[in-house]
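Data first, discussion second: the structure below is written as structure tokens.
Protein chains get the first letters and strands the later ones, always in sequence-line order, with residue 1 at the start of each.
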Number of protein chains: 2
Amino acid sequence: MQPFTERQIEIMEAATQRIDAHGIQTLTIKNLAADLGLSEPALYRHFENKNAILLGLLNYFSAEMVARLADVRSLSYGSSAEELRAVFDSQLRAFTAKPSVVSVIFAENIFHYDKRLSAKVADIMDVMQGHVTDNIKTGQAAGEYSKLLSPATLTTIVVGSMRLAVLKWKVSGNRANLVKDGRTVLDGVLKMLSTNN
Amino acid sequence: MQPFTERQIEIMEAATQRIDAHGIQTLTIKNLAADLGLSEPALYRHFENKNAILLGLLNYFSAEMVARLADVRSLSYGSSAEELRAVFDSQLRAFTAKPSVVSVIFAENIFHYDKRLSAKVADIMDVMQGHVTDNIKTGQAAGEYSKLLSPATLTTIVVGSMRLAVLKWKVSGNRANLVKDGRTVLDGVLKMLSTNN
DNA sequence: GCAAAGTTAGTTATCGTTTACTAACGCTGC
DNA sequence: GCAGCGTTAGTAAACGATAACTAACTTTGC
């Protein structure tokens, strides 16, 4: 989307960390300014209002994710399963590097009071599901995945399983190894889905 | 837990519906009182404070769910798969009957600002996972389910898939048929998990 | 020397909650 | 059979705290 200034990125990351650590209810301009060691009006030098910070941060993380996944998928893989592993590996590594992002990306409900914000979150979810559905269709066409279930149902199973793995990691206080645990779940799904087990 | 008065239940259901429709950010005493056609202080005749309303509603729905699922599982079934279908059938029917409850039961993040509230939501999630893990262990022991994957991984897959099915229904504005769509996903998982396909 | 980025000191609106009061009801005991 | 009394559930008005935001001034770096 837009190119953000350094200060804007600082503000958006501080907002994300606050939402992650203490919930959106505590995301006030006062708290956010204090987190950054700034006065409240200083924030308004960089964003028009509080909502613009939230919309900005969703656009910021969404753009990063779209670009990164496009990158991952532009490579060539020996099999559909291999590509799917690469996609989730990239995603789970990104979450591990910036755990607080998860609290904002997986947050259909906390932005429910604003159409634009909740639409953006739904949009991010659709991007991931799109990648998975593509992968499943290709894998089924190649005879690598079982055709017992429809791509739609399989997408729900794959994405749902991975989302819950992430949620469990979050509930554990990010103490678990998300890349490893997520890989175990994905391998499990692939094992059941594969035609040559 | 406690037996709630009729008025308390009215208040808790109004709060749940508001969270569902407009997000927790708009759950103020003023809005809630207006929804009920009452004055603000009237609410304090029935709950000590705003937090008690939220804690009360989580306890209220959690108790209903625990009792209902215990009931479902007290019956006897021809197979583990049949029992699992009955558990989720009951759960999805309950969600369909009271769609707003989902927004509050699936809300690890919106209660993040309060330990007691988020612990209660985590607790509710554990109850469901416990039922599923039990079922999977029994099904594996009976040779009905594949032993290729651990009960923990299979639980993540089953519960994760069903949660995403519910979330999709919610995002669709509850327009879809949750009982039917959820059943499709569960049947899909069971098909892959079953030893005699 | 000036634009960008910060400050102090306010604004108005709304938050959760309390105070003080009342109408309606059910139980006593004579 | 009803006066006296306590309880329940409501109200209007106001509380202090805090929300998002702004006007006006100062500092800073090229």
Task: Whole angstrom value for the distance that separates P of D/dT22 from NE2 of A/H46 - done: 15 Å
Task: B/F61: ring-ring contact (aromatic ring centres under 6.0 Å, His included) partners, not counting sequence neighbours - done: none
- [ ] Using salt bridge (charged side-chain N to carboxylate O under 4.0 Å, His left out) as the criterion, list what pairs up with B/E64, not counting sequence neighbours.
- [x] B/R68
TODO: Only counting residues at least two apart or in another chain, list the ones meeting salt bridge (charged side-chain N to carboxylate O under 4.0 Å, His left out) with A/R183.
DONE: A/D89, A/D187
Open item on the list: Need the bend value for the helix from C/dG1-D/dC30 to C/dC30-D/dG1: angle between end axes, 5 pairs each end, nearest 10°.
Closed with: 20°
Task: Whole angstrom value for the distance that separates P of D/dG10 from CG of B/L32 - done: 13 Å
Task: For A/T155, side-chain hydrogen bond (donor to acceptor under 3.5 Å, both in side chains) partners two or more places apart - done: A/T133
- [ ] Spell out, as yes or no, whether a donor-acceptor pair under 3.5 Å connects the side chain of A/T96 to the backbone of A/L92.
- [x] yes
Review item, nucleotides 24-30 of chain D N/O atoms under 3.5 Å of protein N/O:
from: D/dA24; atom 1: N6; to: A/R45; atom 2: NH2; distance (Å): 3.3

- [ ] Indicate, with a heavy-atom threshold strictly under 4.0 Å, whether B/S39 touches base, sugar-phosphate, or nothing.
- [x] base
Task: salt bridge (charged side-chain N to carboxylate O under 4.0 Å, His left out) partners of A/D181, counting only residues at least two apart - done: none
- [ ] May I ask you to test the B/L75-B/E83 pair for a side-chain heavy-atom distance under 4.5 Å?
- [x] no
- [ ] Quick one: which residue pairs count as a ring pair (Phe, Tyr, Trp, His ring centres under 6.0 Å) with a foot in residues 127-184 of chain A, not counting sequence neighbours?
- [x] none
Open item on the list: With a 4.0 Å cutoff (strictly under), does any side-chain N or O of B/R7 reach OP1 or OP2 of D/dG10?
Closed with: yes
Open item on the list: Is any side-chain heavy atom of B/L190 closer than 4.5 Å to one of B/E82?
Closed with: no
Open item on the list: Classify A/L36 by what it touches in the nucleic acid, base, sugar-phosphate, or nothing, heavy-atom distance under 4.0 Å.
Closed with: nothing
TODO: Using a 4.5 Å cut-off on heavy atoms from C-beta on, say whether the side chain of B/E10 contacts that of B/H46.
DONE: no
TODO: Identify the 5'-most and 3'-most nucleotides of DNA chain C with at least one atom closer than 4.0 Å to a non-hydrogen atom of chain B.
DONE: C/dC15 to C/dC21
- [ ] For B/I29, answer base if it contacts any base atom (sugar-phosphate contacts may also be present), sugar-phosphate if it contacts only those atoms, and nothing otherwise; contact means non-hydrogen atoms under 4.0 Å.
- [x] base
Open item on the list: Just the rounded figure in Å: distance from P of D/dA19 to CG of A/N51.
Closed with: 17 Å
- [ ] Sorted by first residue and then second, give each ring pair (Phe, Tyr, Trp, His ring centres under 6.0 Å) pair with at least one member in residues 88-124 of chain B; sequence neighbours left out.
- [x] B/F95-B/F106
TODO: Please figure out whether B/L43 or A/E40 has its closest DNA chain D nucleotide nearer the 5' end.
DONE: B/L43
Open item on the list: Taking A/E108 first and then A/R163, would you say they form a salt bridge - that is, a charged N and a carboxylate O separated by under 4.0 Å?
Closed with: yes
Open item on the list: Using the salt bridge (charged side-chain N to carboxylate O under 4.0 Å, His left out) criterion, which residues pair with B/E40? Sequence neighbours excluded.
Closed with: none
TODO: Please list, by residue number, the residues of residues 9-24 of chain A whose heavy atoms come closer than 4.0 Å to an atom of DNA chain C; answer none if no residue qualifies.
DONE: none
- [ ] Measure from the side-chain N and O atoms of A/N135 to the backbone N and O of A/S80, and report whether any donor-acceptor pair falls under 3.5 Å.
- [x] yes
- [ ] From the options D/dT11, D/dA19, D/dC21, select the nucleotide whose nearest atom is closest to the side chain of B/L38.
- [x] D/dT11
